[in-house]
Structure formats: structure tokens, C-alpha cells
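Working notes, structure below.
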Amino acid sequence: MRTSQDENIDVKNTEIPIVGPAKIQNPSACGQFVNEDDAVLVNISRRNVDGSGKSKKHPKHVFFEPAGPREKIYYDPSKTKCAVVTCGGLCPGLNDVIRAIVMTLHHGYHVPSVVGIQYGLAGFVPEQGYDVVDLTPDYVSRIHEFGGTVLGSSRGPQDLEVIVDALERMNISILFMIGGDGTMRAASRVAEEIHKRGLSISIVGLPKTIDNDINFASPSFGFDTSVETAGIAIKGAHIEATGAPWGIGLVKVMGRDAGYIAAQSALSCQEVNFCLIPESPFDLHGENGFLAVLDKRMKKRGNAVIVVAEGAGQELLEESGKTDASGNVKLADFATLLKDEILSYFRAKDIEPTLKFIDPSYIIRSVPANANDRIYCSFLGIYAVHAGMTGRTGFVVSRWNGRYVHIPMDLVTKGKKRINTQSNYWRAVLESTGQPMSMKNR
Ligand code: ATP
Ligand code: MG
């Protein structure tokens, strides 16, 4: 889904660092190795097709390295020990990624030991007292049937030197870090500390974001499942709204800074009449404001379904001023304010709406991945292992232009992806909801 500014990020250096030269014959892949001459174009639009680099109109081609097994690897499989950690909030597919990593290490490379670090980065800190989990094929064989992460997760800052001390002590060769933007920043710094100490430990990132807001993860794993699950809530809201006089269904979905779940759910359900996202500010009151537009809709159709992303309308509230354990700003609760404003707006006109407020956020986060995401997560896990075994470090595995690729970590942590409200994508959302382009009074 190319809808936002990640396609405009100026990508210059796509080289992936290595901890050392790959000299060992790869025991897996039956000879189907990636040709090192192959590369995946970062920008496939026609204006870049020339690629001569002679003018601004024809910039030089930039490529991402394709993912997949290499003929030569760096780590000697029989002497390799790997670790997996999951950080940040839950997202469908975490267990599928863990499972794929473990199965590929075990069956593809015969790596004898894979350990799971419990409860995010806190699991590295000895004082916390969390044991490591022995991730055997038996242990992971059925974990994909469940949502969440078998390893647990956490937020909160941890001393990066303590993390690298723990990796050294445990004799880890490759650490797979599954998490959001914060985790990828932490991963980058762990890789720096490893480099500073001259150690041969690879850090492989697997970007996770239920909001689909990480650059160059298009879409991110779990997003498809989230949209599907949000759809169940929206369908419920629609049935509630159409089953009562002056019925309004209000559904709150995740999306702190980017409204992808709200927008994509609106597109997939087609029953949504208002999709409110952080990228498109609006007024509540006034002749062009949301309440006036809702009023018109109610008079015409007698019901409405509203989907609101958690980060929408923040400018209409006082900042909460609070942060979570990792320093992320806590958002004020706009959906509740919206509910109250709708009710008082109509009550002032002597109308009592039947408003049903549904918040499926935590259900969406914790369901098992759907078929699409299961397949996607498996590939991410498999490719993360192939890359890690070659000694590559400080990168993430992602899908770009339909191919699995390696992307330098600093590219994915450079800002966050947002919906471009000038794009055809957002226009399609507006067309499907019927809401005006702008609900601002100006
Ligand atoms: P989510 O998508 O749920 O926000 P996240 O990975 O962004 O996931 P965070 O809680 O922000 O979740 O970060 C995960 C872990 O990474 C936390 O333990 C946090 O302290 C650590 N972390 C975040 N940013 C940095 C950073 N710049 N340097 C070092 N550690 C960091
Ligand atoms: Mg985050």
C-alpha cells in the first residue's frame, strides 16, 4: 500500500553492515541461493526508470538488498546460539514470527540452541530475575494458534550496556529483536555498542506495528488481521445503528499518529460514514464541523457509523502531559469526548440518539494472525534467519515492492509513516464514507 511519505524518503545508503566475512558453506536451501547481483529497486515509478543520475528528473537508482539464503554464511551453525526478544505492545503474528525463526534455525541450519528472552528488554537485566526460555521446535510447534507473544513483552528503558553484557555472558551470536519503532532504535544502539566492543554478534530487527506506521514496512505484519478484526466491530456498530431510531455506532480503533486501521477498515467495510484520523484535523462545532455534517447525515438516513482512530482530534483536547514507561506521550481520550459531544449536541435539539460505543482495541491486538499474516510472518522469520546467519547486522527484514528485502535500521526509524491526505488512497476512503474532504470551518 503506497499511500504515504515513506516513498519520498531520500534513500542514499542501503548497504547492510556485516560482523565478518561469510566463509562457511550454507547447509540449507538445496542450492537455491540468492544471486548477489540481484537487487530490488527502492522506487519503481516511471520517472525513475532512466536512472542515469544525470538530472534531478532521472535520479540514480537506489536498491535494497534482496532477502534469502546465501551460499556462504558467517556463523558456524553447530557452534551458534541465538536469542529472540519481543518488545512493545502486542500485535497479531508475534508468535508466528518466533515460530518461523526457531524452526528455520533448527531445521534449516541445525543450530543447537535458541533462547527466548522474557518480557522484552527487561529480560536481559539480571536483577529482574526472568529466566530464559529454551525455544525448541516442540516448544514453538503450536504457538501460532494463539495471539500475543509466548515470551511476554514490556516497555521502559533498559541500560544498553547491560543488554550487551548479557549477550556476551550467554554467548549469543544472533539476537532477533521483534518490536516497534522504539525497539528498532534500541536495536540500533545495541548494534553500536557491540561494534564498539569489537564483538561478533548480529542484531536482526523485525519491525512490528499494529498502526502500520513504520517506514518501509508496507504493510506491517498483523495489520491485515487488525483490519479484519476491526471489521467485526464495525459490522456490529452498523447493525446497532440501523436497528434503533437515531442510531449511531461509534468504534474506536488503534492509530496513535497514523489512521491506517481506521482508513483500511472503512474501505473494507463500506458501512462507515465517518472515518476520523490524526492526519486529517477537523472541527467539532461550527457550520462545517463534524457535528453539523453528522446532523445532516442523521436527518437524511437516520443512522451513522463513525470510526475514530485513537490519535484523532488530539488538537481539540488538552494535552494529557503523561508518558508511558518508554517515554511515549499518552494520548488524551478523544473518543469519549466525541461520544459526549454527540450526545449533548442532539440533546440540545431534544433528540435522544441511541449511541453504541465499541472499543475493540485490545481484542484486535491479541487475536491470532489470519491466513495472510501467518504466511507473511513465516517469511519474515525465515528471511531474518537466512540474513542473520550470514553475519549481517543492524538491519530489518521487510517486504518492499513485493519482494523481501534487508533495510538498514536507521531508515526505518527515520520518522513515522502517515496517511497522505492528498493521495488517491485517502480520496477513496472519503468516497466510501461520503464525508466531506474537510470538516474544518477555516
Ligand atoms: P510499540 O509499537 O508498541 O510502540 P515499541 O518497540 O516502539 O513498540 P517501546 O516501548 O517504545 O515500544 O520500546 C520498546 C523498548 O525499546 C523499551 O524497552 C524501550 O525502553 C526501548 N527503547 C525505545 N527507544 C529507545 C532508544 N532510543 N534507545 C534505547 N532503547 C529504546
Ligand atoms: Mg512505539
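In listed order, ligands and their atoms are each counted from 1.
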Establish, from distance only, whether the side-chain atoms of [X] and [Y] form a donor-acceptor pair under 3.5 Å.
X	Y	value
Y74	S202	no
D138	T136	no
E279	Y260	no
S326	D324	no

Please report whether the ring centroid of Y109 lies less than 6.0 Å from that of Y75. no
Using the ring centroid of each side chain, check whether F395 and Y383 are separated by less than 6.0 Å. no
Total protein N/O/S atoms whose distance from the Mg ion (ligand 2) is less than 2.8 Å: 1
With a 4.5 Å cut-off on side-chain heavy atoms, are D373 and D96 touching? no
Are there more than 12 heavy atoms of other residues, nucleotides or ligands under 6.0 Å from atom CZ of F282? yes
Under a 4.0 Å heavy-atom cut-off, which residues neighbour ligand 1? C87, G88, G89, L121, R155, G156, P157, G179, G180, D181, G182, T183, R185, A186, R189, K208, S326, N328
Side chain N95, main chain E145, donor-acceptor under 3.5 Å: no
